[in-house]
Amino acid sequence: TSTLKTHEAGATFTNGHASPAVDGSTERIQIVDEEKKFTPELGTQIQKWGLRDVGFDYNIVSVFGSQSTGKSTLLNRLFGTTFDVMDETQRQQTTKGIWMCRGKGMNVMVMDVEGTDGRERGEDQDFERKSALFSLASSEILIVNLWEHQVGLYQGANMGLLKTVFEVNLGLFGKKSTDGTSGRTLLLFVIRDHIGQTPLGNLQATLTSDMNRIWESLSKPAELKDTQLSQYFDLAFTTLPHKILAADKFESEVQNLRTRFVDKTSSGYLFKPVYHKRIPADGVSFYMEGIWEQVQTNKDLDLPTQQELLAQFRCDEISAVALSEFNEQAKSQKRPVEAGKVVQGLGALMRNWRTHAINRYERDASRYHKGVYLRKRADLIATMNATLSPLFLGQLKNLHKSCLVAFKKEMLDGLRGEQYNFADVVSKARETCERTFTVGAKEAVVEDTDWNWEEELQLLKEEIGVVADQCRKDETKKMLNQIERNIKRQISEPVELYLSRPSKGMWDEILLAFRDVLGKAESAYLSKAMSFNCTEEENTNALAALRKRAWLVLRAKIDEQTADQAFLSKLRNHFEERFRYDEQGVPRVWKPEDDIDGAFKKAKDQTLELVPWYSKISPEDASLQFELPSEASDSASEAEEFDFAATLVVFTETKALDLTNKFRKDADAYYVEAKRSTVSSVAQ
Ligand code: GDP
Ligand code: MG
């Protein structure tokens, strides 16, 4: 056999009208072969035809009729297709199956159904039925091709074929469709080799009544028994002259008929929108394959289900394409965000990616079953949001960190100067920080999500509080140190002065001076602390600490002034002033008759009287006594025990005794020296 199987147009086909296609636009394809297998190539072929992206802007037409009635010849003339035509000289059968070709220069998919009329050849009517189902499920127009002399032959093969078509149609479109498509189809009767003796009107009347008779004779399901043929089909009729006997007339009539397929403005335009089966062009191959699959396995062909399956498949595909580009884009910012970077305009980027993906999805998927389309759209958005969410959260974390760093810096800058108001510095820095965060966080939010940044802001606020608190503590500490240094400086001179002038009232003087210095220090603290927003309790504690530190400063100074050598030298001076100088302050020159012993004893006693004065801080005026609470050490804190009463003691009794003894030795040395000086003056 030399039948054709090839998909490549122009290789061996015998129709001289079509030229070999170079761009694939007129390539034909056998979508169902003799083994009733559906081709896997239809999708690719539709793409090659350039029809994949035309949405609903295309039409499908198919042809039915007996063998060798010039069907393929007609299609090729009408649509510029390249279907096989039986070779006159060999009269061999063309390949059985369903072929498809794109109409030349038009968005039309043309199906040539070969071997539809099984009756005529005494073959199986199975293929007839299947191809009828298949064609009706997708085609807008079914061309019924027949010879003039076949008209009125109700018993003829053609009529059996039409009966099949009607039955099948009832199964497909009998129930009211749920998706709003009407399922209406145009039956275009093309009467060939019209001689002209019987006018078209008569032929049309005959055929119409034949059709209605067939319709009546169908065994319909009970709920559809009163339905009319006209509820499902429009009928149109046309004649064509004999192709060979009236060749010119044939050509011009074919051209007229062609116009009705092509020219939307012509009154006889055949592709009315109502016939469209509403399968988006990019879904045609999947849809047809599904239909054929159902037909093949003799399952009930439920078009709404097929439409839904198609929608699921295509919406998933379209969604996947949109998503893969989206994922690419989202990935680009993943690393910077993970690295801790605050990506400027991340929200705008994310919104852009998402909008772009949604638009892409909507453009292609909105043509499909609405419910499925909307469901998959929601899925797509949820998937994208789930991808964006970590970016958003990362951005918030990074924003949080950078805002906190900026806050610390602004704080430190603000506290650098001498004249700052701590509370103002904090509140300004806090405001900047919270504003920067809020602006950045709001920018990063993508609408229609449950994303929230308020919690992160709350955390940030808490950390700002901690930082500000630490800063305040540091500043307070610095200030207290400063105050302490001032106390030290101010107390030093009075202590030195009064301790070098022993008197009963010297502690009164010292404590008075101390009270003065402490008072100044306290008001210095309070005036500064105002701006620190310290609590009452903190102020109380700080003041207590200040008093204690001031006291310890005083005590340290006293200790310095009463250290062994310093104290002994004070005693010595005191003693010397009384022993070596007379009442007028004139240095004594001892003479043998002088009462050295008496003078010595008096000076020594007077000096020893001083020791108890120094040994304890005790003012004459008891109201001047300074008071501090004692602190017992507890095991929980490392604070050393502080016993205030003990700090009043300058020397213990043992220490006093020790110092007294040391002084006595010094005094004795003066005595011996005085004695010696008289001996030497006698010796002279
Ligand atoms: P198909 O089997 O229905 O597709 O018929 P073909 O297009 O293959 O044509 C079958 C034969 O009929 C070929 O030899 C054609 O040349 C011839 N033919 C085509 N159109 C006409 C026509 O309008 N009138 C007549 N008498 N023959 C035709
Ligand atoms: Mg043919």
Side-chain angles (χ1 to χ4, degrees), residues 1-7 9 12-18 26 28-34 61-101 103 109-123 127-128 131-132 134-135 139 141-151 156-158 160-162 165 188-198 200 203 237-258:
T1 170
S2 62
T3 52
L4 300 171
K5 279 189 182 181
T6 174
H7 295 166
T12 46
F13 72 96
T14 56
N15 188 313
H17 285 276
T26 55
R28 69 206 161 123
I29 181 169
Q30 186 178 26
I31 57 177
V32 174
D33 66 14
E34 303 100 290
V61 58
S62 51
V63 70
F64 265 60
S66 311
Q67 276 294 315
S68 302
T69 46
K71 296 188 297 294
S72 304
T73 306
L74 175 65
L75 295 180
N76 289 346
R77 292 294 164 86
L78 285 176
F79 302 107
T81 51
T82 55
F83 296 117
D84 280 351
V85 169
M86 196 181 80
D87 190 329
E88 310 261 3
T89 58
Q90 297 175 29
R91 298 211 61 87
Q92 60 201 188
Q93 294 288 323
T94 44
T95 314
K96 200 167 144 182
I98 302 176
W99 296 77
M100 196 190 260
C101 198
M109 294 185 222
V110 186
M111 286 200 281
D112 190 7
V113 186
E114 289 286 352
T116 43
D117 192 351
R119 270 162 252 265
E120 192 174 65
R121 294 194 293 192
E123 286 175 10
F127 185 73
E128 169 188 302
S131 49
F134 182 74
S135 304
S139 306
I141 302 178
L142 228 65
I143 297 177
V144 181
N145 191 59
L146 73 170
W147 300 124
E148 183 184 6
H149 60 74
Q150 285 177 300
V151 175
N158 260 317
L161 175 63
L162 282 164
V165 168
L188 173 65
F189 289 86
V190 180
I191 302 158
R192 308 291 292 270
D193 286 5
H194 183 230
I195 299 165
Q197 236 166 14
T198 317
L200 173 61
L203 296 169
F237 303 87
T238 190
T239 57
L240 286 178
H242 197 288
K243 178 177 169 268
I244 296 153
L245 300 182
D248 289 351
K249 197 96 197 305
F250 175 82
E251 291 303 336
S252 68
E253 285 299 312
V254 167
Q255 281 318 304
N256 287 343
L257 185 55
R258 176 184 160 83

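Indexing begins at 1, ligand by ligand and atom by atom, following the structure's order.
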Worksheet item: Salt bridge check: are Glu251 and Lys243 linked by an N-O gap of less than 4.0 Å?
Response: no

Worksheet item: Looking at side-chain heavy atoms only, is the closest gap between Cys101 and Asp112 below 4.5 Å?
Response: no

Discussion item. Quick one, Leu74 and Arg192 - any side-chain contact, counting heavy atoms below 4.5 Å?
Written reply: yes

Worksheet item: So is Ser72 polar-close to ligand 1, meaning N/O to N/O under 3.5 Å?
Response: yes

Worksheet item: Going by distance only, is there an N or O of Gly70 that falls short of 3.5 Å from an N or O of ligand 1?
Response: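 Yes; at least one N/O pair falls below 3.5 Å.
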
Worksheet item: What residues, two or more places apart in sequence or in another chain, satisfy ring pair (Phe, Tyr, Trp, His ring centres under 6.0 Å) together with Phe250?
Response: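 For Phe250 there are no ring pair (Phe, Tyr, Trp, His ring centres under 6.0 Å) partners, ignoring immediate neighbours.
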
Discussion item. Using heavy-atom distances only, which candidate in Arg192, Lys243, Met86 approaches atom 11 (C) of ligand 1 most closely?
Written reply: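 Shortest heavy-atom distance from atom 11 (C) of ligand 1: Met86.
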
Worksheet item: Is it true that some N/O/S atom of Ser72, main chain or side chain, lies under 2.8 Å from the Mg ion (ligand 2)?
Response: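 So Ser72 counts as coordinating the Mg ion (ligand 2), yes.
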
Which of the atoms of ligand 1 are close to [X], meaning less than 4.0 Å from one of its heavy atoms?
X      : result
Thr69  : 1 (P), 3 (O), 5 (O)
His242 : 26 (N)
Ser68  : 1 (P), 2 (O), 3 (O), 5 (O), 10 (C)

Discussion item. Under a 3.5 Å distance rule, please check whether Asn145 uses its side chain to pair with a backbone N or O of Phe64 as donor and acceptor.
Written reply: no

Discussion item. Using the side-chain contact (heavy atoms from CB on, under 4.5 Å) definition, which of the options Leu75, Leu188, Val110 pairs with Val61?
Written reply: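 Going through Leu75, Leu188, Val110 one by one, the side-chain contact (heavy atoms from CB on, under 4.5 Å) with Val61 is satisfied by Val110 alone.
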
Fill in: Results of side-chain contact (heavy atoms from CB on, under 4.5 Å) for Asn256 - residues two or more places apart only
Glu253

Worksheet item: Heavy atom under 4.0 Å from ligand 1: found in Asp193's side chain, backbone, both, or neither?
Response: side chain

Worksheet entry | Proximity of Phe250 to ligand 1 by residue part, where a heavy atom lies under 4.0 Å |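 Just the side chain.
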
Worksheet item: Are Ile244 and ligand 1 in contact, using a heavy-atom cut-off of under 4.0 Å?
Response: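 No heavy atom of Ile244 comes that close to ligand 1.
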
